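Everything on this sheet refers to the single structure shown next.
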Amino acid sequence: MLRPLRVSQPTSVTEASAELARLGEEAKVYAGGTELILLLRLGLVHYTHLVDVKKIHALGELAWDGKTMHIGSAVTHRRLERSADVAAHLPLLQQAAELVANVRVRNVGTLGGNLCFGDPHSDPAPALLVYNTRVKIGTHSGDRSIGLDEFYIGLFETAIAPDELLVEVEVEPVPPGVGSAYLRCARFERPSLGVAVAAARRDGRLTDVRLAVSCIGPVPMRLQELESRLEGATLAEGQQILRQAQRHYEEVLQPVDDLHGSVAYKTYLTGVLLGRALNQAVGANGRHGDG
Ligand SMILES: Cc1cc2nc3c(=O)[nH]c(=O)nc-3n(C[C@H](O)[C@H](O)[C@H](O)COP(=O)(O)OP(=O)(O)OC[C@H]3O[C@@H](n4cnc5c(N)ncnc54)[C@H](O)[C@@H]3O)c2cc1C
């Protein structure tokens, strides 16, 4: 049962943030509500006031400026999945968006809600990490911009303060000639493992390698040390490095045994899916799907 709630619908970031600051712990930002309403219904969180951000025009914008995609935080997964600009410039994000949940969740669930919830079981997060994404955060006293890698702090914990709003997600495509692939494995409603890879091959050697993994640790992460080891390797050597990096995945990603599988299973699967995604990125230039 949902307890009675008051809902305000501010029309600017300044107004919404001031409302959050005034109401303190009583209030929470409400976008699509797919996570928030579930938690309220289950009695896992309690708020008396929701600040609905969907009337803030800037948060619903999706625009390509010739170099960067500007995605308002209230843009839904469905819009990302169906946008011709996203498909053309950010195929990894398009691939991740179309795998989220089901069409009912994608129709209302927003990219901002996905990121701000801080659930590591996120499809868009590894795709966005590969694109070196930055996020714009706003309050009643101004904006700040940070990298998505700094945004994730811990399990269900982000850099957003209680009176701040995620305003915009700024995403730059990979350089021309670099292929990409997103693969995931899903045993339950949300993904159990998601990997995003971008890479190119020049003169038989790997270059511009970017690797990101979500789900198995507390936060989605780039694997920069492995990226450096893959630079200049042949594809076969790269595959071997990825398959033999189980100890590295365990140290860096910090997986735990849970319903999604044991640590050994998760790190093994990470090597397999990263290897497949690398193959696709440099070969078929970006096929995707459940792994
Ligand atoms: C059945 C089911 C299956 C799912 N499967 C998948 C899946 O396969 N892959 C996947 O990646 N995800 C999955 N999800 C998660 C889904 O992506 C998220 O539910 C959705 O994107 C959250 O967006 P929302 O707008 O509904 O967020 P809300 O529920 O409105 O908000 C979520 C949290 O983010 C905060 N928030 C929202 N917007 C902002 C903002 N602009 N600024 C600051 N804080 C904000 C809210 O206060 C709240 O704490 C699933 C969810 C469900 C219910």
Side-chain angles (χ1 to χ4, degrees), residues 2 5 7-8 10 12-13 16-17 19-21 23 25-42 44-47 49-61 71-81 92-93 95-129 135-139 143-144 151-152 156-169 182-196 214-215 220 260 289-290:
L2 262 185
L5 286 158
V7 180
S8 54
S12 72
V13 171
S17 168
E19 186 82 337
L20 288 167
L23 294 163
E25 291 185 354
E26 290 294 300
K28 195 72 177 162
V29 173
Y30 163 59
T34 57
E35 300 287 19
L36 189 59
I37 301 298
L38 200 62
L39 295 185
L40 284 164
R41 266 216 200 103
L42 293 171
L44 294 172
V45 295
H46 300 285
Y47 302 106
H49 204 117
L50 299 185
V51 178
D52 180 357
V53 292
K54 292 188 294 294
K55 299 277 184 218
I56 305 175
H57 181 73
L59 271 51
E61 287 191 322
I71 307 173
S73 64
V75 169
T76 62
H77 299 298
R78 187 71 169 152
R79 264 182 82 194
L80 295 173
E81 174 191 355
L92 274 180
L93 182 61
Q95 291 161 18
E98 72 180 7
L99 288 170
V100 170
N102 51 57
V103 75
R104 287 178 64 190
V105 171
R106 292 200 296 278
N107 258 334
V108 288
T110 64
L111 182 62
N114 185 292
L115 301 180
C116 292
F117 194 50
D119 184 344
H121 297 269
S122 163
D123 283 300
L128 292 173
L129 284 168
V135 292
K136 197 163 108 189
I137 296 169
T139 59
D143 289 346
R144 64 189 174 109
F151 180 80
Y152 284 108
F156 297 104
E157 197 185 352
T158 71
I160 291 256
D163 66 343
E164 288 184 322
L165 264 75
L166 179 62
V167 176
E168 187 179 291
V169 181
Y182 176 72
L183 290 178
R184 75 171 204 172
C185 155
R187 300 183 60 206
F188 304 108
E189 271 176 341
R190 287 147 222 249
S192 299
L193 169 64
V195 307
S214 67
C215 305
H260 294 268
D290 286 334

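Basis for what follows: all heavy atoms, side chains included, without hydrogens, waters or symmetry-related copies. Small disclaimer: the values here were computed from a predicted structure and weren't measured. For ligands, and for the atoms within them, numbers begin at 1 and follow the listed sequence.
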- [ ] Please state which part of Ser73 comes within less than 4.0 Å of ligand 1, counting heavy atoms only: side chain, backbone, both or neither.
- [x] side chain

TODO: Could you tell me whether some N/O pair between Ala31 and ligand 1 is separated by less than 3.5 angstrom?
DONE: yes

- [ ] Kindly identify the option in Thr34, Val29, Leu20 whose heavy atom sits closest to atom 20 (C) of ligand 1.
- [x] Thr34

Open item on the list: Evaluate Leu36 for polar contact with ligand 1, using N/O atom pairs at a separation under 3.5 Å.
Closed with: yes

Task: Arg106 and ligand 1 - part of the residue with a heavy-atom distance under 4.0 Å - done: neither

Open item on the list: For the 3.5 Å polar cut-off, considering only N or O atoms, please tell me whether Glu164 and ligand 1 meet it.
Closed with: no

Task: Contact check: Gly112 vs ligand 1, nitrogen or oxygen atoms, below 3.5 angstrom - done: no

- [ ] Name all residues meeting the side chain to side chain donor-acceptor pair (under 3.5 Å) criterion together with Thr34; count only those two or more places apart in sequence or in a different chain, and write none if there are none.
- [x] none

Task: Contact check, Arg104 vs ligand 1, heavy-atom distance below 4.0 Å - done: no

- [ ] Within a distance under 4.0 Å of any heavy atom of Ser122, pick out the atoms of ligand 1 and give their elements.
- [x] 11 (O)

Open item on the list: Does Leu50 form a side-chain contact (heavy atoms from CB on, under 4.5 Å) with Leu36? I'd like the steps, not just the answer.
Closed with: CA-CA 10 Å; Leu50 299 185; Leu36 189 59; 3.9 Å; yes

Task: Within-cut-off N or O pair, Asn102 and ligand 1, under 3.5 Å - done: no

- [ ] Would you mind running through ligand 1 and noting each atom that sits below 4.0 Å from a heavy atom of Gly32?
- [x] 24 (P), 25 (O), 26 (O), 30 (O)

Task: Inter-residue atom distance Ile37.CD1 - Glu35.CD, 0.5 Å rounding - done: 11.0 Å

Task: NZ-OG distance between Lys54 and Ser73, expressed to the nearest 0.5 angstrom - done: 11.0 Å

- [ ] Could you pull out, from Phe117, Phe188, Tyr47, Tyr30, the option with a heavy atom nearest to atom 33 (C) of ligand 1?
- [x] Phe117

Open item on the list: Among all the protein's non-hydrogen atoms, which is closest to atom 53 (C) of ligand 1, and how far away is it?
Closed with: Arg190 NH2, 3.5 Å

